[in-house]
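In this text the structure is predicted, and so the values were computed from the model without any measurement. Convention: sequence-line order gives letters A, B, ...; per-chain numbering from 1.
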Amino acid sequence: MLPLLKLVPTYKLHPVFRVSTLHRWVYQCFSASTNSLQMTSHNFDSNKKETDFNFLFNSCINVNVTKQLHALLVVLGKSQNVVLSTKLINLYVTFGDISLSRSTFNHIHKKNIFSWNSMIAAYVRSSKYHEAMNCVNEFLSVSDDLRPDFYTFPPILKACVNLIDGKKLHCWVLKMGFEHDVFVASSLINLYSRFGVLNAAHKVFVDMPVRDVGSWNAMISGFCQNGNAAEALGVLNSMKVEGVKMDTVTVSSILPVCAQSDDIVNGVLIHLHVLKHGLETDVFVSNALINMYSKFCRLEDAQKVFDHMEVRDLVSWNSIIAAYEQNDDPNTALRFFKGMQLVGIRPDLLTVVSLTSIFGQLSDQRISRSIHGFVMRGEWLEKDVVIGNALVNMYAKLGDMNCAHTVFEQLPSKDTISWNTLITGYAQNGLASEAIDAYNMMEECRDITPNQGTWVSIIPAYSHVGALQQGMKIHGRLIKNSLYLDVFVATCLIDMYGKCGRLEDAMSLFYEIPRETSVPWNAILASLGIHGRGEEALQLFKDMLAERVKADHITFVSLLSACSHSGLVDEGQKCFDIMQKEYGIKPSLKHYGCMVDLLGRAGYLEKAYDLLNNMPLQADASIWGALLAACRIHGNAELGTLASSRLLEVDSENVGYYVLLSNIYANSGKWDGVVKVRSLARDRGLRKTPGWSSVVVGSKVEVFYTGNQTHPKYTEIYKELRVLSAKMKSLGYVPDYSFVLQDVEEDEKEQILISHSERLAIAFGIISTPPRSPIRIFKNLRVCGDCHNATKYISRITERDIVVRDSNRFHHFKDGICSCDDYW
DNA sequence: ACTGGTCGCG
């Protein structure tokens with residue numbers, strides 16, 4: 001007869017009121033004199049049955065009280081008693097002292113199956129899986145008369161660390177006929193789920209003649225942890241059909257699935273179930289609720305759950321801290337961290353991971369360094385890679401890639417995420433070629449396999465420098481394993497094709513991939529925008545709505561900038577309105593920037609200025625910059641002066657603005673203004689962001705910095721530029737010195753214009769590629785106005801199509817004409 | 001007397 005359902009007494013923990021009983025007792029035994037100790041032992045009837053000791057065992061609340069009880073049992077001559085010793089083994093491991101469990105176990109002369117089971121389980125409970133397996137082997141070799149029973153298997157199955165052993169154990173279970181025991185079968189389900197063999201797990205599950213809520217939970221969590229949300233919810237549903245009610249475990253494994261599959265309806269329904277059945281007093285449940293609401297960005301709900309908790313553990317605090325940290329509120333997160341310290345809960349590794357992210361967001365250099373020190377002192381770097389990865393990420397967020405790289409180098413072990421973090425750090429700090437170098441080094445490591453995270457960090461780096469060939473190589477590699485269908489990877493590829501001027505390739509990829517979320521739509525809308533195809537962007541937006549894809553704030557940034565690049569003022573205005581009225585999206589600085597740009601470019605300078613003045617947010621440099629650029633196009637020196645003075649208040653470091661202002665003055669003949677701006681720039685000792693341009697020749701990306709004279713082809717490049725310059729002048733080109741800020745003689749100014757990075761890159765492209773082939777240039781800043789003009793002439797003289805992508809948009813030069821004229 | 005299934009990081 002198979003043991004199917006058993007009533008199992010679970011180990012109840014120690015009612016506190018009994019503590020005093022034991023203390024009084026132990027006090028009588030030990031704190032008094034030797035005589036009274038003996039007297040007490042005499043008084044205590046040593047023939048008492050084992051169950052008479054229960055109240056003492058129930059009174060043990062920590063390892064010290066347990067030791068006292070242990071000593072008492074020794075005095076009473078009970079140290080050989082297998083029942084009492086087994087209880088001690090379990091108590092010691094409950095309080096985290098596995099070595100005391102072991103020595104207690106060793107002292108038992110006649111070990112029985114109960115004591116072996118407890119010892120094996122004790123190792124598993126303290127995550128010493130290797131020792132647990134050793135103990136099993138010891139058990140099999142030492143005792144001839146004892147056989148494992150169905151209590152032995154669940155812990156062993158849990159300790160199993162590879163699938164091959166798992167399958168052997170499964171055979172063993174079958175041979176001994178334990179496969180229908182609820183606990184053993186649930187453990188098998190759990191084992192197969194851990195190794196991702198869900199069909200095997202599911203087979204064990206369906207073959208079970210009797211299932212308790214634990215078996216359902218094992219199956220559900222198996223699907224959950226392998227990311228099969230639909231199947232998990234399916235099992236949950238049949239559980240409901242069979243009339244089994246969700247318990248705290250079910251709820252805490254299903255809630256993360258709701259978050260993962262963006263299923264807020266089910267999430268809230270489950271929360272209602274929790275409230276109806278009073279499950280919210282369980283810490284696991286409340287913690288899972290906090291995490292779920294955090295993923296849905298519903299911080300009020302997360303906090304409500306947190307506030308109502310009666311008992312909060314480390315995970316609760318970590319969860320609420322991470323909730324605010326993940327939703328860009330580092331200050332509140334920090335307040336909760338302080339609250340946690342106040343109630344005396346010690347931070348663990350994950351707390352520190354959140355803290356690094358918080359300080360990265362707060363961009364506080366000093367505290368960031370102190371947390372680095374804290375990690376080093378605790379030698380936490382050795383404990384887990386995640387903490388090191390978090391530090392690399394923190395320094396990257398602070399823009400300090402030197403420190404990030406140093407920490408990275410010091411990591412005792414590096415995983416794929418370490419590399420991804422480093423690559424992303426370089427890429428997001430505009431150091432694309434360093435990102436590419438890091439990626440190439442990563443490819444050389446044999447034990448590191450790139451994953452989705454790698455692609456989404458390296459592809460943008462390639463598109464940043466216009467390395468179309470390399471990007472396409474990755475695309476080809478991803479087609480082999482279908483990862484290009486991953487929405488995030490595909491979106492990067494779309495963005496890359498867009499930014500590299502291959503709009504058609506971007507479009508065809510877009511139509512190949514799943515489009516249920518706004519993410520790929522936003523990318524393709526932005527691509528259309530920088531190519532000046534505003535009408536098509538608006539049409540695609542209509543398609544997006546027809547396919548019931550929800551537009552978000554990024555959609556509107558893409559859309560507004562598309563309108564702005566194509567001069568679609570009314571349409572842009574309309575988008576701005578429906579964004580607020582129909583979607584309830586509060587415009588951010590980016591949206592206002594697009595609108596100022598849109599109105600300003602089209603010549604509605606006053607309207608743009610009004611909007612800027614009346615917006616509820618503090619204008620930043622990019623918005624004043626947009627207004628200033630518009631003033632330059634339309635030659636409005638007054639407003640331009642005003643904009644630039646405000647601009648220099650918020651960002652006096654960016655030399656580009658001085659150039660713009662000087663250019664405005666020069667165009668309106670205000671030469672004293674030009675002089676003033678130049679001396680201002682000189683006095684501030686401006687170090688400008690190094691401008692660079694890149695050009696792809698063959699499969700190699702060549703990068704040129706302004707004034708770069710170290711390139712191996714330097715002589716030929718400058719020779720070509722001088723030849724071109726003479727031809728350009730004969731066609732009517734006049735250098736525009738207002739783009740030169742330095743106070744030098746005219747011929748030197750011409751030399752400076754000639755050494756602009758975009759000019760060097762174009763010249764290098766001309767001398768390195770066959771005649772009349774097209775040239776693609778990338779520039780990290782905006783193209784200089786004089787270079788823009790010069791490139792028109794160059795395209796005519798050399799009969800080449802020249803495509804220049806700068807930080808703002810595409811410029812397509814063909815036969816002396818550019819696709820856009822408002823180049824600033 | 002001993003057994004299974006639950007929450008948090010980049």
Side-chain angles (χ1 to χ4, degrees), chain A residues 3 6 8-11 50-51 53-54 57 81-90 112-122 124-125 148-158 178 181-191 193 211-222 224-225 246-256 259 282-292 294 313-323 325-326 348-357 360 384-394 396 415-418 420-421 424 453:
Chain A
K6 299 178 297 286
V8 180
T10 45
Y11 205 79
E50 285 129 8
T51 45
F53 287 88
N54 277 351
F57 279 98
N81 183 301
V82 65
V83 175
L84 297 176
S85 294
T86 304
K87 283 198 166 194
L88 282 173
I89 293 172
N90 286 308
N112 63 11
I113 183 68
F114 295 104
S115 49
W116 280 105
N117 284 346
S118 288
M119 196 58 235
I120 295 167
V124 177
R125 281 168 72 183
D149 64 2
F150 47 76
Y151 282 96
T152 322
F153 280 97
I156 300 179
L157 291 169
K158 195 179 181 187
F178 293 144
D181 177 84
V182 267
F183 286 150
V184 175
S186 302
S187 299
L188 278 171
I189 295 170
N190 186 250
L191 173 98
S193 305
R211 299 182 196 104
D212 69 354
V213 65
S215 336
W216 289 96
N217 289 340
M219 196 61 249
I220 290 171
S221 81
C224 292
Q225 285 173 356
M246 291 192 279
D247 71 351
T248 55
V249 179
T250 329
V251 168
S252 13
S253 35
I254 202 77
L255 283 178
D282 183 87
V283 222
F284 274 82
V285 168
S286 286
N287 292 348
L289 281 169
I290 294 172
N291 288 312
M292 179 191 74
S294 157
D313 67 357
L314 175 64
V315 179
S316 325
W317 287 98
N318 280 351
S319 302
I320 194 78
I321 292 170
E325 172 253 306
Q326 300 272 307
D348 75 339
L349 189 133
L350 292 160
T351 325
V352 178
V353 168
S354 284
L355 280 178
T356 57
S357 167
D384 201 325
V385 241
V386 292
I387 193 84
N389 295 349
L391 279 178
V392 174
N393 191 41
M394 177 185 78
D415 62 0
T416 302
I417 292 166
S418 320
N420 292 354
T421 313
T424 312

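- At the heavy-atom level, A:Ser215 lies under 4.0 Å from base atoms of the strands shown.
- With sequence neighbours excluded, the residues forming a side-chain contact (heavy atoms from CB on, under 4.5 Å) with A:Thr424 are A:Gln428, A:Ser457, listed by chain and number.
- The backbone N or O of A:Asp348 lies less than 3.5 Å from a partner atom in the side chain of A:Thr351, making a donor-acceptor pair.
- Dashed line: the shortest gap from a side-chain N or O of A:Ser221 to OP1 or OP2 of B:dT6 is under 4.0 Å.
- Here A:Asp247 lies in heavy-atom contact (under 4.0 Å) with a base.
- Distance from the side chain of A:Ser319 is smallest to B:dG8 among B:dT3, B:dC7, B:dG8.
- Distance from the side chain of A:Ile417 is smallest for B:dG10 among the nucleotides B:dG8, B:dC2, B:dG10.
- For A:Val82, counting side-chain heavy atoms from C-beta on, the closest listed nucleotide (B:dG8, B:dA1, B:dT3) is B:dA1.
- Using a 4.0 Å heavy-atom cutoff across all strands shown, A:Asn81 reaches no nucleic acid atom at all.
- Every residue two or more places apart in sequence or in another chain that forms a side-chain contact (heavy atoms from CB on, under 4.5 Å) with A:Ser115 is listed here: A:Val82, A:Thr86, A:Phe105, A:Ile108, A:Lys111, A:Asn112.
- Residue-level contact check: A:Val385 touches neither bases nor backbone, having no heavy atom under 4.0 Å from any strand.
- Remark: ring of A:Tyr151 overlaps the six-membered base ring of B:dC2 in a stacked fashion, centroids less than 5.5 Å apart, planes less than 30° apart.
- Looking at the side chain of A:Ser252, the nearest of the listed nucleotides B:dG4, B:dC7, B:dG10 is B:dC7.
- A:Asn389 comes within 4.0 angstrom of a base, heavy atoms only.
- Residue A:Asn318 is classed as a base contact, given a heavy-atom separation below 4.0 Å to a base.
- Both geometric conditions, a ring-centre gap below 5.5 Å and a plane tilt below 30°, are fulfilled for A:Phe284 over the base of B:dT6.
- Minimum atom distance to the side chain of A:Ser118 is reached by B:dC2, of the listed B:dC2, B:dA1, B:dG4.
- For A:Gln326, the listed nucleotide lying nearest its side chain is B:dC9; candidates were B:dC2, B:dT3, B:dC9.
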